[in-house]
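Everything on this sheet refers to the single structure shown next.
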Amino acid sequence: MADTTTSSNAPPSAAEPVVDAAERARRQRGKNLALFFSLLGFVALIYVVAIVRMGLHAQGQ
Amino acid sequence: MTDTAFEGQTVPTQAAGLPGTVADYIALLKPRVMSLVVFSGLAGLVVAPGTLHPVLAVVALLCIAVGAGAAGAINMWYDRDIDAVMERTRGRPIPQGKVNPDEALAFGVVLSVASVLLMGLAVNWVAAAILGVANAFYVFVYTMWLKRRTPQNIVIGGAAGAFPPMIGWAAVTGDVGIGPILLFCLIFFWTPPHFWALALFRSGDYSRAGVPMLPVVAGEAATKRQMLAYTLLLLPIAIAPHWFGVGGVAYLVGATVLSLLFILCAVRVMLDKTHRAAKQMFAYSILYLFLLLAILIGEKLVA
């Protein structure tokens, strides 16, 4: 049975460029990775700062 | 799809429906401006009396960088309408439709709050408070209040960019004395001739966008006189750190020579009928501040 749901739709206008799904996925993956590594770095930073501050506290500084 | 309109121009919110790349989000942080901000923060850190654990010093600089970048992102969100009109700024991610304005705002607010909290928890709350004030000043006082209302926008708003050495100093000492106030004054009085040199050869841009920069409102001759006045004022302010023990003899000599050259630039701008001297003065102003801070840092490290 033929799909008739799209046959009556107007074709996309020139003002709405076709989105490249692969490019969209690539950009999204890049942002996801950047966010992942940023959060990982933030956690590591908090850990290191905690160690340093505890060390300074132990030295009475 | 449009977000805002400005004098017939439209600002797309997201080009071709594609999400922005990581580079677009980095561009929101104004990395070139950030580099000078971080360098001035480093100068405050280095010349302050006392020591700070190297890890905490790096964290302090990171917070200054991220805080400044976050304020820049919020500035780009608020100014997206005029950025689309100005040639200098129309390539930014929001006018280009690469980043959604709401995402840019959220990005800026989250990073701004995170940088202040991290500075407070890792370093000290005095430095965090000054960082918070600097960010708030840049966003609310300069961007939202002054920029579109008065030709004195960058004179008063320049204070936002003058805070980083004070933040660096406070990160080490936990307080604010005469030293960081002098470094604050140095950048505060450097800002007007720096930005007005830019505004002279970009006055058409500012005029189209309706930003009342001094050359647009008062004309070129008045702007050039003001630039000369500020560079003359800057000479004693630039050498003052030496008399208060912040800089040594090398700084005194360097600051005097560099400030005299800055005055010479302003004189050349006054005599120049084209914008060539203004472009050169803009480039020199960046070098001027960089070299002054570099001498301060170098002298302290050598000593």
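In what follows, chains are A, B, ... by sequence order, proteins preceding strands, each numbered from 1. As the structure is a prediction and not an experimental result, all values here were calculated from the model.
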Do [X] and [Y] make a side-chain contact, defined as non-hydrogen atoms from C-beta onward lying under 4.5 Å apart?
X	Y	value
A/Leu56	B/Leu56	yes
A/Leu45	B/Leu62	yes
A/Lys31	B/Thr21	no

Indicate the atoms forming the closest heavy-atom contact of A/Val49 with B/Ala122, along with that distance. CG1-CB, 3.5 Å

Heavy atoms of A/Ala34 and B/Val22 approach each other most closely as CB-CG2, 3.7 Å

Need one label for A/Ile46: side chain, backbone, both or neither, based on atoms under 4.5 Å from any heavy atom in chain B. side chain

What part of B/Val123 gets closer than 4.5 Å to chain A, counting heavy atoms only: side chain, backbone, both or neither? backbone

